[in-house]
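Encoded as structure tokens, the structure appears first; notes follow it.
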Amino acid sequence: MRESITSKNMAFTDQMKPTELSALKEINRKNWRNRIGLLLKTNTSKSIWQLMKNKTYRPSADDVNQWAQSLDKLLSHKYGKAAFCIFLESEFCEENIEFWSACEDFKKLTSSKDLASRASSMYEEFIKNEAPKEINVDYQTKNAIAQSLHKPTATSFLAAQRKVYNLMENNSYPRFIQSNLYRELCAAARGQDKHTKS
């Protein structure tokens, strides 16, 4: 289904005049800025300038630069993970990070009742054919998960999580590091560091 959406979008942009295409790119650029603004705010109504005073709420330039070192460093940082989520959403593959995060939470469960309940809902949401957020894993991996549903363990989704992680690490992550979103986050963080030093 996602492929048909992407091909429709490409067909749509192929039919556009160059001036219309540049206008569309400008709208997308403004959309990125709005998302960055939302990313840099907390759940409270504090403004970005209030957040800059307290470095625990915002990534420093060093933090943002470390995100380019590895996917692990990106995902271990609250704002890095949030920025990556926004990027994946723009690429229509946010199910990958959602599944990876669900697996991280799943591994922390200790009650067999909680494991069974969550395993079933994760299977329905991400694994089964035609799932609302179906991830791209092979038949054997899907089948192994289906077989484990009767008595799931904390590692029931580990093989699928590794495959999704590798997919993000080799495909989405390099594109994120080259994206306008990441460049704008770097610039915003550098500006924040200059503002807080003066």
Side-chain angles (χ1 to χ4, degrees), residues 1-14 28 31-32 35 38-39 43 63 66-182 185:
M1 183 170 138
R2 290 185 188 277
E3 289 178 16
S4 64
I5 292 172
T6 305
S7 60
K8 284 180 185 176
N9 288 344
M10 287 194 299
F12 173 73
T13 56
D14 288 344
N28 285 338
N31 196 11
W32 281 114
R35 288 180 177 186
L38 290 173
L39 170 70
N43 292 337
D63 291 333
Q66 285 183 8
W67 299 348
Q69 293 175 6
S70 72
L71 181 57
D72 281 335
K73 289 193 179 195
L74 174 70
L75 296 178
S76 67
H77 195 279
K78 174 183 173 181
Y79 289 108
K81 185 177 174 185
F84 193 52
C85 286
I86 290 170
F87 176 76
L88 291 177
E89 188 177 308
S90 74
E91 293 210 329
F92 304 103
C93 58
E94 66 274 8
E95 70 277 359
N96 291 330
I97 191 70
E98 289 175 16
F99 174 73
W100 182 87
S101 297
C103 290
E104 289 295 293
D105 293 338
F106 182 78
K107 288 190 273 189
K108 296 173 188 170
L109 298 175
T110 54
S111 155
S112 57
K113 183 180 177 183
D114 291 342
L115 282 168
S117 172
R118 187 65 186 128
S120 177
S121 64
M122 286 174 62
Y123 179 81
E124 292 293 319
E125 186 176 6
F126 298 108
I127 304 298
K128 78 173 189 174
N129 289 335
E130 303 299 321
K133 297 178 182 179
E134 185 178 0
I135 57 168
N136 186 12
V137 291
D138 57 86
Y139 171 78
Q140 289 82 7
T141 305
K142 286 184 176 194
N143 194 39
I145 292 170
Q147 297 297 316
S148 75
L149 288 177
H150 70 282
K151 193 171 182 183
T153 66
T155 59
S156 292
F157 292 92
L158 191 57
Q161 185 185 23
R162 284 182 182 150
K163 290 178 186 212
V164 166
Y165 182 90
N166 287 335
L167 184 67
M168 291 189 300
E169 185 176 43
N170 295 321
N171 296 317
S172 305
Y173 174 69
R175 288 195 306 273
F176 169 74
I177 296 303
Q178 299 299 317
S179 71
N180 288 334
L181 172 62
Y182 180 71
L185 285 168

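Computed over heavy atoms, backbone and side chain alike; hydrogens, waters and symmetry mates excluded. Sequential numbering from 1 along the given sequence is applied to the chain's residues.
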Subject >> side-chain hydrogen bond (donor to acceptor under 3.5 Å, both in side chains) assessment of D72 paired with Y165 >> reply: CA-CA 10 Å; D72 281 335; Y165 182 90; 2.7 Å; yes

Subject >> 4.5 Å side-chain heavy-atom contact, K142 and N129 >> reply: yes

**OP:** Go through the steps to decide whether L185 and W67 satisfy the test side chain to side chain contact (heavy atoms under 4.5 Å, CB included), and finish with yes or no.
**Re:** CA-CA 11 Å; L185 285 168; W67 299 348; 4.0 Å; yes

Original post:
What pairs meet the salt bridge (Lys or Arg N to Asp or Glu O under 4.0 Å) rule with one or both residues in residues 143-170, with sequence neighbours excluded?
Top reply: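 Listed once each, the pairs are D138-K163.
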
Give me the atom names and distance for the closest heavy-atom approach of [X] to [Y].
{"X": "M168", "Y": "P174", "result": "O-CD, 4.1 Å"}
{"X": "F176", "Y": "Y182", "result": "O-CB, 3.2 Å"}
{"X": "I177", "Y": "A68", "result": "CD1-CA, 3.6 Å"}
{"X": "A83", "Y": "L181", "result": "O-CD2, 3.4 Å"}
{"X": "E124", "Y": "A131", "result": "O-CB, 3.4 Å"}

Report yes or no: does [X] contribute a side-chain atom to a donor-acceptor pair with the main-chain N or O of [Y] at less than 3.5 Å?
{"X": "S76", "Y": "K73", "answer": "yes"}
{"X": "N170", "Y": "N166", "answer": "yes"}
{"X": "Y123", "Y": "A146", "answer": "no"}
{"X": "K133", "Y": "E125", "answer": "no"}

**OP:** I would like to know whether E104 and K108 meet salt bridge (Lys or Arg N to Asp or Glu O under 4.0 Å); could you show each step before the answer?
**Re:** CA-CA 7 Å; E104 289 295 293; K108 296 173 188 170; over 6 Å; no

Gap between atom [atom2] of [Y] and atom [atom1] of [X] - 0.5 Å precision:
{"X": "N180", "Y": "S90", "atom1": "CG", "atom2": "OG", "result": "10.0 Å"}
{"X": "E94", "Y": "S172", "atom1": "CD", "atom2": "OG", "result": "11.0 Å"}
{"X": "L71", "Y": "K81", "atom1": "CG", "atom2": "NZ", "result": "11.0 Å"}
{"X": "L158", "Y": "F106", "atom1": "CG", "atom2": "CZ", "result": "10.5 Å"}
{"X": "K107", "Y": "T155", "atom1": "NZ", "atom2": "OG1", "result": "9.5 Å"}
{"X": "I97", "Y": "L88", "atom1": "CD1", "atom2": "CG", "result": "6.0 Å"}

Original post:
So which of F157, F99, W100 actually passes ring-ring contact (aromatic ring centres under 6.0 Å, His included) with F126?
Top reply: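 Exactly one option meets the ring-ring contact (aromatic ring centres under 6.0 Å, His included) with F126, and it is F99.
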
Subject >> Heavy atoms of other groups near N136 CG, more than 12 under 6.0 Å >> reply: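 No, because the 6.0 Å sphere around CG of N136 holds 12 heavy atoms or fewer from other groups.
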
Original post:
Using 30° and 60° as the class limits, which term best fits the ring planes of F87 and F84: parallel, tilted or perpendicular?
Top reply: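 It falls in the parallel class, under 30°.
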
Subject >> With sequence neighbours excluded, residues passing side chain to side chain donor-acceptor pair (under 3.5 Å) with Q140 >> reply: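 If we apply the side chain to side chain donor-acceptor pair (under 3.5 Å) test to Q140, skipping adjacent residues, there are no hits.
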
Show which side-chain atoms of residues 110-120 pair as donor or acceptor with protein atoms under 3.5 Å away, not counting sequence neighbours.
| residue | atom | partner | partner atom | Å |
| --- | --- | --- | --- | --- |
| S111 | OG | K113 | N | 3.2 |
| S111 | OG | D114 | N | 3.2 |
| R118 | NH1 | S121 | OG | 3.0 |

